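A short write-up of the structure that comes next.
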Amino acid sequence: MDAPTLFPPSRDAALARLRDFLPKAGADYARKRNYSLPEQGHPHVSTLSPYLRHRMLTEEEVVQATLGRHSASAAEKFVQEVFWRTYWKGWLERRPQVWTAYKAGLAQALNRVQSESGLRRGWEEACAGTTGIDGFDDWAQELVGTGYMHNHARMWFASIWIFTLRLPWELGADFFLRHLLDGDPASNTLSWRWVAGLQTQGKHYVARVANISKYTEGRHRPLHQLTPQPEPLMGLPHPPLGPVPAPPLPQGDAPWALLITEDDLSPGYLRKALAQGPLGTAVINGTGHRSPLATAEPVTRWAEAAIAETTARYGDWMGRVTHGPEDLVQWAQDLGARQIVMPYTPVGPAADLIAQHRAALDQAGLPLVPVLRSWDAAAWPHATAGFFKLKSKIPTILAELRGLSLAS
């Protein structure tokens with residue numbers, strides 16, 4: 001089945017998938033989450049990631065529903081998995097230079113692909129799933145065909161790409177970002193860096209035959225095909241830790257226009273900060289700008305459908321919707337807006353596109369006000385080092401947000 005069939009791009013579909021998964025979000029998930037079983041429809045994981053990545057369903061909603069069904073101890077592993085996404089976003093938001101360096105490294109690798117025939121052949125075979133490596137080829141074809149890959153398979157795949165095929169990690173991260181419905185700049189870039197040994201420097205992830213065989217229930221067993229004892233990649237030290245974003249609040253009584261991107265398709269939380277609705281809404285969609293190469297057509301089509309579903313769902317509240325205005329200032333001024341308010345857009349393609357309008361907005365004296373969700377504001381201060389520092393703060397974060405607690 002194709003991506004829209006497997007993952008219908010609507011909030012109703014996301015909520016239905018959450019309801020179906022909730023009975024398994026406790027002990028079943030804790031025991032079986034590492035099994036990659038695409039032929040069974042990945043029965044032991046939520047497959048909510050496309051919806052969470054675009055915030056058609058929010059992390060807070062998922063955690064609240066999970067803790068409404070399971071005890072804190074039973075749900076611990078799944079709740080932590082939800083927080084991994086938040087952690088990666090916070091880590092990259094406070095070190096945006098890593099995203100810039102990734103894009104530069106990708107440009108260099110793509111230049112090499114054009115000039116080095118051996119590299120080009122290896123890259124093409126890996127992307128097409130024709131390497132002959134058991135498992136790897138199936139995962140590549142699953143990704144291209146469905147827009148999805150189990151998290152454990154992503155780790156195996158990245159390890160084989162880097163250490164057995166010896167391909168630049170940036171090309172692998174780009175392959176994922178172009179084809180994953182849930183392709184997220186932070187989670188994707190930093191996970192590939194982690195496998196390579198660049199994120200937790202000197203500590204890499206090595207795919208093992210026994211592990212692959214166990215967690216695919218014997219479907220894949222790449223005997224004598226993997227590099228057994230590779231060394232981690234070497235890289236530069238992490239850039240200095242930046243501050244947690246602290247954007248100004250909207251002017252509650254000033255006429256405003258709404259700007260949305262594919263990064264957050266649940267902008268209703270802005271109603272708490274603004275009494276009146278927007279005069280109109282602009283959409284900037286960064287999906288087609290994930291890569292210098294073309295983003296896979298099913299991914300762009302899915303994102304466009306998800307955005308269309310969102311604008312239909314919010315209906316009259318959004319006012320007239322304009323897609324991709326070339327002149328953001330003129331668009332807002334024509335509406336009579338004195339500020340543009342938007343859900344906070346984290347580091348990535350959409351933020352890169354918005355940055356192109358910054359100079360004109362500043363010159364016109366038109367504020368662009370990104371509103372940070374309370375979830376991110378509570379979690380990102382703890383995204384300073386490894387995940388386990390944030391993990392220890394999860395009970396506190398949840399207690400602060402909604403009275404939820406993992407101590408119960």
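Count residues from 1 along the sequence. What you see is a predicted model, and the numbers here were worked out from it, not measured in a lab.
- Between the side chains of N211 and W156, a donor-acceptor pair is found at a separation under 3.5 Å.
- When all heavy atoms are compared, the tightest approach of R85 to D182 is NH1-O, 4.3 Å.
- What you find for Y344 and P247 is that their closest heavy atoms are CD1-CG, 4.3 Å.
- The distance from the CZ atom of F83 to the NZ atom of K89 is 14.5 Å, given to the nearest 0.5 Å.
- To the nearest 0.5 Å, atom CG of residue L67 and atom CG of residue L398 are 6.5 Å apart.
- The heavy-atom pair separating P23 from H70 by the smallest distance is O-CE1, 3.6 Å.
- A cation-pi contact links R95 to W91, judged by a cut-off of 6.0 Å to the six-membered ring centre and 45° from its axis.
- The main-chain N or O of M149 is found under 3.5 Å from a side-chain atom of R154 such that the two form a donor-acceptor pair.
- There is a side-chain donor-acceptor pair under 3.5 Å between T310 and R313.
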Begin with the C-alpha distance, continue with both residues' side-chain angles, and end with the deciding distance and a verdict on side-chain hydrogen bond (donor to acceptor under 3.5 Å, both in side chains) for D137 and T131. CA-CA 6 Å; D137 290 350; T131 66; 2.6 Å; yes
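- Checked against the 6.0 Å centroid threshold, F78 and F21 count as a close aromatic pair.
- At a threshold of 4.5 Å between non-hydrogen side-chain atoms, the residues W375 and W380 do not count as touching.
- Pairs passing the side chain to side chain donor-acceptor pair (under 3.5 Å) check and including a residue from residues 292-302, sequence neighbours excluded, read E297-R301.
- A perpendicular orientation is assigned to the rings of Y35 and H44, their planes being inclined by more than 60° (bins at 30° and 60°).
- S10 and D12 share no side-chain donor-acceptor pair at under 3.5 Å.
- A donor-acceptor contact shorter than 3.5 Å links the side chain of E61 to the backbone of T58.
- Of all heavy-atom pairs spanning L181 and H54, the tightest one is O-CE1, 3.1 Å.
- Closest of all the heavy-atom pairs between Y148 and T47 is OH-CG2, 3.7 Å.
- In this structure, W84 and F387 have parallel ring planes: the angle between them is below the 30° cut-off, well short of the 60° mark.
- The distance from atom CD1 of I284 to atom CG of D352, rounded to the nearest 0.5 Å, is 11.5 Å.
- A cation-pi arrangement is present between R271 and W317, with the terminal nitrogen or guanidinium carbon under 6.0 Å from the aromatic centre and inside a 45° cone about the axis.
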Quick one: do R373 and D264 satisfy salt bridge (charged side-chain N to carboxylate O under 4.0 Å, His left out)? Show the steps, please. CA-CA 10 Å; R373 284 183 176 273; D264 194 326; 2.8 Å; yes
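- Atom CG of N151 is separated from atom OG of S191 by 7.0 Å, given to the nearest 0.5 angstrom.
- Within a 6.0 Å radius of CG in L236, other residues, nucleotides and ligands contribute 12 heavy atoms or fewer.
- Atom CD in E125 sits 10.5 Å away from atom CZ in F136 (nearest 0.5 Å).
- Taking all atoms of both residues into account, the shortest heavy-atom contact from P349 to G286 is CB-O, 3.4 Å.
- I162 places a side-chain heavy atom less than 4.5 Å from the side chain of V195.
- The aromatic ring centroids of W139 and H150 lie 6.0 Å or more from each other.
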